[in-house]
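Input: a single structure, listed below in structure tokens.
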Amino acid sequence: MRTAGAAAARSRAWMRTLERRSAAWPLWVRDAPLAVCCAIATVVYVSTPSPANDLWKRPDALAYGLICVINLSLAARRLAPVLTFALTSTLWMVFVASGYWPIVNSLCPMVTLYAVAASRPAPVAVVCGVCCAGCAVLSSVLGDTDDLVTTVAQAAVMLLIILKFGGNARQLADRNAELSRLAAQLRREREENARRAVAEERVRIARELHDVVAHHMSVVSVQAGLARYVFTSDPATARDALGTISASSGEALEEMRRLLAVLRVGPEGGDDGGHPEGDCPYHPMPGLDRLEATVERMRAVGVRVDLEVTGERRPLAAGPDLCAYRVVQEALTNIIKHAGAARAVVRVAFRPHELELSVTDDGRPSSRRRRNVPANPVPSGGHGLIGMRERARIYGGRLAAGPRADGGFEVRLTLPLQ
């Protein structure tokens with residue numbers, strides 16, 4: 001049983017290989033075997049003595065020549081079906097008019113008629129069908145057939161069947177072509193969607209990296225400048241600044257590790273094996289529950305930040321929660337880079353159908369910041385507000401940012417809640 005199964009599998013594989021190779025051949029090469037077989041079979045048929053064959057003129061060189069030309073013309077039936085039909089029908093009439101057996105070569109016009117019906121519009125196929133029926137009736141008349149009515153009825157039924165099956169083949173070919181076109185279009189759309197998804201994922205990762213790097217590196221830069229400035233005059237302050245640098249850089253590394261771990265996911269959705277067992281890189285994304293830690297870090301930098309939370313605090317979806325946290329983080333980072341404010345206020349209001357938060361500063365440098373000018377000024381990239389607006393737009397929120405009338409700057413975010 002195993003040997004038979006293996007042989008069958010090898011046979012199927014060989015047939016598939018042959019089909020793939022033959023699909024690249026020209027049409028006339030693929031149709032030539034049928035034409036050659038029909039020519040050989042017809043020559044053998046007319047050469048075999050039989051009572052019916054003895055009633056007609058014996059085949060000679062002209063008859064064999066017509067048989068070969070008519071049957072070998074079938075090789076071109078798909079390249080030029082109408083021309084091939086006209087050629088085979090005309091030569092068939094010449095064959096019958098020469099006194100040879102009318103039934104010989106009658107199959108070739110029917111085969112070419114099927115090719116016409118399968119590849120040409122219905123009106124062309126009907127015209128060729130009427131011509132084929134006329135040839136059949138004419139061959140009956142030239143052959144002195146007594147039962148003309150039967151011949152006409154048989155020709156009509158046969159031609160209707162050929163036209164029907166040829167029309168079905170043409171419709172099937174049209175549907176297959178349309179399906180191929182749609183499949184190609186869907187493939188292009190899928191590739192375009194994949195490219196768009198990759199681009200969106202790159203933008204998302206770039207936005208996350210910008211928020212992580214901008215905030216934590218701003219803290220590190222300010223604290224490093226402070227530590228360098230007071231390294232000899234105020235060692236305690238320098239130690240506090242170094243502690244803040246250590247905590248901020250550690251948190252930045254943790255968040256960057258989580259983002260980069262997403263890029264190392266294997267094809268089956270699992271980790272690529274770079275992490276030991278039990279060391280899962282997928283920690284929860286930060287949210288509003290980490291605002292207190294962020295505020296404490298800002299206070300360590302030298303910005304006095306007050307946090308006010310009103311309303312019934314409730315858990316949020318991961319997307320809006322991360323959006324709200326990143327907006328607050330970026331707003332506080334901008335305060336470090338641009339304002340150096342004496343006081344900042346973060347207000348978070350949980351309303352029945354929306355979340356509203358704001359980050360404001362009074363724009364006045366504190367005395368400590370005036371006294372301890374950092375040695376490492378933080379450059380501005382100008383992408384923070386753009387990123388905040390993009391985040392708000394993703395979740396259907398509104399973000400307003402601008403100077404306040406009484407001084408300072410304000411960032412206000414409103415997110416709809418389910």
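Atoms considered below: every heavy atom in the structure, side chains included; atoms not considered: hydrogens, waters and symmetry mates. Keep in mind it's a predicted model, so treat the numbers as computed, not measured.
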Checking side-chain contact (heavy atoms from CB on, under 4.5 Å) between P109 and each of S89, C131, C128, which is the one that passes? S89
Hey, are E178 and R175 close enough for a salt bridge, meaning a charged N less than 4.0 Å from a carboxylate O? no
Among N71, V69, I70, find the residue that satisfies the side-chain contact (heavy atoms from CB on, under 4.5 Å) test when tested with S73. V69
Could you tell me whether R343 and D361 make a salt bridge, using a distance below 4.0 angstrom between a side-chain N and a carboxylate O? no
How about R398: does its CZ atom have over 12 heavy atoms from other parts shown lying under 6.0 Å from it? no
Looking at R188 and E191, is there a salt bridge between them, counting it only when a charged N and a carboxylate O are closer than 4.0 Å? no
What I want to check is whether the side chains of R196 and N193 have a donor and an acceptor closer together than 3.5 Å. yes
Under 3.5 Å, is there a donor-acceptor pair between the side chain of R77 and the main chain of L74? yes
According to salt bridge (charged side-chain N to carboxylate O under 4.0 Å, His left out), who are the partners of E354, at least two apart in sequence or on a separate chain? none
What pair of heavy atoms forms the shortest contact from A169 to Y114, and how long is it? CB-OH, 3.5 Å
Please identify each residue that fulfils ring pair (Phe, Tyr, Trp, His ring centres under 6.0 Å) with F95, with sequence neighbours left out. Y100
Closest contact, heavy atoms only, P320 versus L415: O-CD1, 3.7 Å
Would you say R412 and E356 make side-chain contact, with heavy atoms under 4.5 Å? yes
Reported CG-to-OG1 distance for the pair L107 and T42, which is rounded to 0.5 angstrom: 7.5 Å
Hey, what do you get for OH (Y395) to CG (L417), rounding to the nearest 0.5 Å? 13.0 Å
Roughly how far, to the nearest 0.5 Å, is the CZ atom of F350 from the CZ atom of R314? 7.0 Å
Heavy-atom nearest pair, G129 first then L113, reads N-CD1, 3.6 Å
Are there more than 12 heavy atoms of other residues, nucleotides or ligands under 6.0 Å from atom CD1 of I103? no
Test item: R299 side-chain N/O and V305 main-chain N/O as donor-acceptor pair under 3.5 Å: yes
M158 atom CE, neighbour heavy-atom count above 12 within 6.0 Å: no
Side chain to side chain contact (heavy atoms under 4.5 Å, CB included) with L186: which residues, sequence neighbours excluded? E189
Search all heavy atoms of L355 against all heavy atoms of A324 and return the closest pair with its distance. CD2-CB, 4.0 Å
